[in-house]
Each structure stands twice: as structure tokens, then as C-alpha cells.
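Reading through the C-alpha cells given below for one structure.
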Amino acid sequence: MTKFSDLKLDPKVLSAVADAGYETPTPIQAGAIPPALEGRDVLGIAQTGTGKTASFTLPMITLLSKGRARARMPRSLVLAPTRELAAQVAENFDVYAKNTKLTKALLIGGVSFGEQDKLIDRGVDVLIATPGRLLDHFERGKLLLTGVQIMVVDEADRMLDMGFIPDIERIFQLTPFTRQTLFFSATMAPEIERITNTFLHTPVKVEVARQATTSETIEQKLIEITPARRDTAAKNKRELLRALIRSEGEACTNAIIFCNRKTEVDIVAKSLKAHDFNASPIHGDLDQSQRMRTLDGFRDGSVRFLVASDVAARGLDIPAVSHVFNFDVPSHAEDYVHRIGRTGRAGRKGRAFTIATPADEKYLAAIESLVKAPIPRGEIPEGFAPSVSAPRARASDDAKPARSRSGRGRSRSDSAKTEAAVAETPVVEAVETPRAEPRREDRREPRRDDRRSDRGGDRGGDRGAPVVGMGDHVPDFLLRSFRPRASTASAAKTTRTAVADSATDD
DNA sequence: AAAAAAC
């Protein structure tokens, strides 16, 4: 088997690699490093967690160790889709270039230009950037890319997802035709294929087997609950999450909890904190310094639960996560694979729980067809006792009745709260309305049943799943109180606030 | 039902 010492890396690089405790290159490293050292273009097809970063940083440091940088003309360029990923590549350079005099700069958004400008002015060997900030610097005339000898594109398929491909093409065109290109992508979408055909010159293709999704090191469990009402779903899911965490006990040393939306990330983190769990949120709306701090805290163990949007799903190197909880079923099946891939790494055992409700059916089906296996169903933990609160009135509840809100002399948000209490009687009245007067909500009932039986059919029947909440014995009035969410912006706002507030006291 | 990235 190949050792790092068999590769023609600079001795300074080799000693740094040895210091970091590595002896044997991963397949992508063994495949990509030799051609990269020969100056060939490399097309690497590999997922994260395969050692991809070192497969380009090690040869880059070796190649760049001769020669010196000139002001405003970086000698190499690494492009990454997210700020964290770029920061991580930068850290990688620090580790492996520690015995050299190479200089680097990290150009990412959310940070002031000043420091970045100063570094560029001085001249850097390695520039690591997200596309937006790089082009920003370029347009301000602070940067020349004509000196770039090596260009790396990391996670190209994700760049594609994020709409960065035009930026990438533009950056390619700003660098010399003679540059060496190292290009990495997890998949070869047609658009990626086109880019590589255009900008890579007879590349050496290095393909690493796709990470097995039903990896033996990841134990997956799907926990399904059927909230009695749609508006308690999130609350019930938070209760279930806590019960799951508690039932995992000590085995859960640290975990990433994924939500689909940034607002949900905030709510879940806040709720966990209120229940004395050591949790911190991370998503793209938080400021950069906080994102970094949270991530550092999670790495060093001072944060136990990282509540995250899909910023953290891919690429981030967070070693040794014992658990992943999908608070929401991801709507892109691919993301499921990336999310659960955050655990069970490097031969360690990991567990991945996914919380689902009947509304997630469609996405679950997509995930199961992608991974070509059903996600094993798990038991609802002992401690789960979902709360079912009395139906709460919505803005629409009091919109149609005789009482008009005009002339009340109260602000909308003020009145919404008081009316919520006032409106309880009308809701109960609606319950007693005989069926002879058909309501829109009645139509929901048969559909719910259909869905439930469909699912039983597809997934091998009812396994005697524990009855949750009121189970099938949900009083009709609860089902009937479903209302389509009011669509005006202000109504949506009040609803969201109500949920956010409830996060602390549920 | 979305997230991410530029000011």
C-alpha cells in the first residue's frame, strides 16, 4: 500500500503530514497527488469525508514552495462554495504548510475588507475564497488573477446548486490559460461536465467510490409521529427530539440537529437551551464571527448540540459526531445522505434519527428511492408525551364573523392576541355544527385516512406503531379545526411569533 | 415548505 512517503511531496510537507499523524493516503489522495505533482489537471470525483482537501493542499504546497509571491498577484487560488468550507481549507494549509514560508489569505464575505486587502497587497501564495467576495475584490481593482498558476474548484456540484457556476466561469477566464486546474465534484451533472470540458486540459480523472449511504457505521432510524393538529407539529417534534436525546443518554456525546429552515433552527436551538440542553444554532443569517465561534465551540466540545441548516450538511469537517437528528425530513433527497454522513465517520459508530410526520411522505419516498433501501423504523422513546393544546384561533377565524376589527383602536398584533382567547367559543361552536352544513375542513378527514393506509401498504403494513398523542382517537373537533394558514404577510408574522414564543415555554 | 453567497 502506498505511503505518503512514497509520494513525491516536499520533505517539509511530509514532516507536517507525519506530525498530524497520517501515514497512509486515502484513495482520493493516492490517486490525485501524483498527477497533480506532475502539473497535470485533475478531475476528482469524490464526496466529502474522503480526504479530498489534503489531496489538493499537499501537492499545492509542494509545487508552490519554489518561488515567491508578488503584490496583488496570488500564485494559486482555491474556490469553495461556503465560507466555512473556505475557512476549513485555510486551516488545512496552516497545518500542512507550517514548515514552509508560504503565505495565504482567506477571502470570504461577512468579514471586513481591510485585513484581506492588506494581505493581498503584500502578496500571497495561496488565496482561498468564496466566489462572491473574490469577484468583489477583483472589481475593486485590488486583485490580479493573471499570476495564478494553480486553481482549485472544490465542491463544484454544490457551487452549481448555489448558482455560482457563472461566477466560476468568469473567474476561470480571469486566470491564465496555462494554469493547472484541480477540480472536485461529488457528481458529474451535465453542467459540471460542460465546465470541465471547457476549462480542464486532458485531466486525469480520479474517481472514488461513492460513500455507502447505508454505511455499516451509521445506524439509521426513522421516527414517525402523527401530530393531532398541524399547528402543534413543530412543538410535538421538539418534544420528541428531547425525548430522543434523553433516551440516547450518555451515548449521545454530541450531535448535529438539522432543520430545513433558518427560523426553525433558531426556534429549536432556543427551545433546547430553555430545557437546559447545551445547544447553539448555525445558519447563514447569523453573523460570520458567531458562525465561526459556534463551530469552534462544537469542535472543542463546549457546545454539545449544533442546531443547523444545511450550511453544515456538507463539507464541514466536524470529527466524531455521535448523533445526527433530522428535525425535518430534508426536501432534497441528496441532503439526507450528506446530513447523516456527518456521523459514523472514520470507522466510528454513529446514529442518525429522522423525525417525520405524514406531511413528509413524499420526501421520504424520494430518500428511500435514492438510497435504495427503506429507512429502518424506530420506536418512539418512552419519555415522549406530546402535548395537545386547545385549538388556537387564527387571524382568519375572526375575519369573517359579524364582528369587524375596524374601529377597535388597537394595533393588529395586540388584537390578535386578545382575540385568540375570545375566539375560543366560536371554534367550539363550529364543532357542534352538524355535518349537513359541509365545511372545507371536512374534506381533510378522508384524505388523512387515505394517506395513512397508503403508507401502511407501501411500507409493509402497520407494525403496531405506538399510539401517539390521541392516536387515531382524535376528537373530530380537533381535526376540523385545521385551517389553511392565512396568507397575508402580517398574519404569517403573528403566527410565527406565536410559535417562537412558545419555544421557550413548551 | 428552502439554503447558500456580495455590498
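All chains are named by letter (A, B, ...) in the order of the sequence lines, taking the proteins before the strands, and each is independently numbered beginning at 1.
- Taking A:Phe353 as the reference, A:Phe325 meet the ring-ring contact (aromatic ring centres under 6.0 Å, His included) condition, with sequence neighbours excluded.
- A:Ala86 meets the side-chain contact (heavy atoms from CB on, under 4.5 Å) test with A:Ala80, A:Leu106, A:Ile108, A:Ile128, A:Thr130; sequence neighbours excluded.
- In terms of the salt bridge (charged side-chain N to carboxylate O under 4.0 Å, His left out) criterion, residue partners of A:Glu191 (sequence neighbours excluded) are, by chain and number, A:Arg194.
- For residues 111-153 of chain A, the ring-ring contact (aromatic ring centres under 6.0 Å, His included) pairs, not counting sequence neighbours, are A:Phe113-A:His137.
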Original post:
With the sugar-phosphate defined as primed atoms, P, OP1 and OP2, and the base as all remaining atoms, what B/S/- string results for nucleotides 1-7 of chain B, 5' to 3', for protein heavy atoms under 4.0 Å?
Top reply: BBSBBBS
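- Among residue pairs with one or both ends in residues 279-290 of chain A, those qualifying as salt bridge (charged side-chain N to carboxylate O under 4.0 Å, His left out) are A:Lys262-A:Asp285; sequence neighbours excluded.
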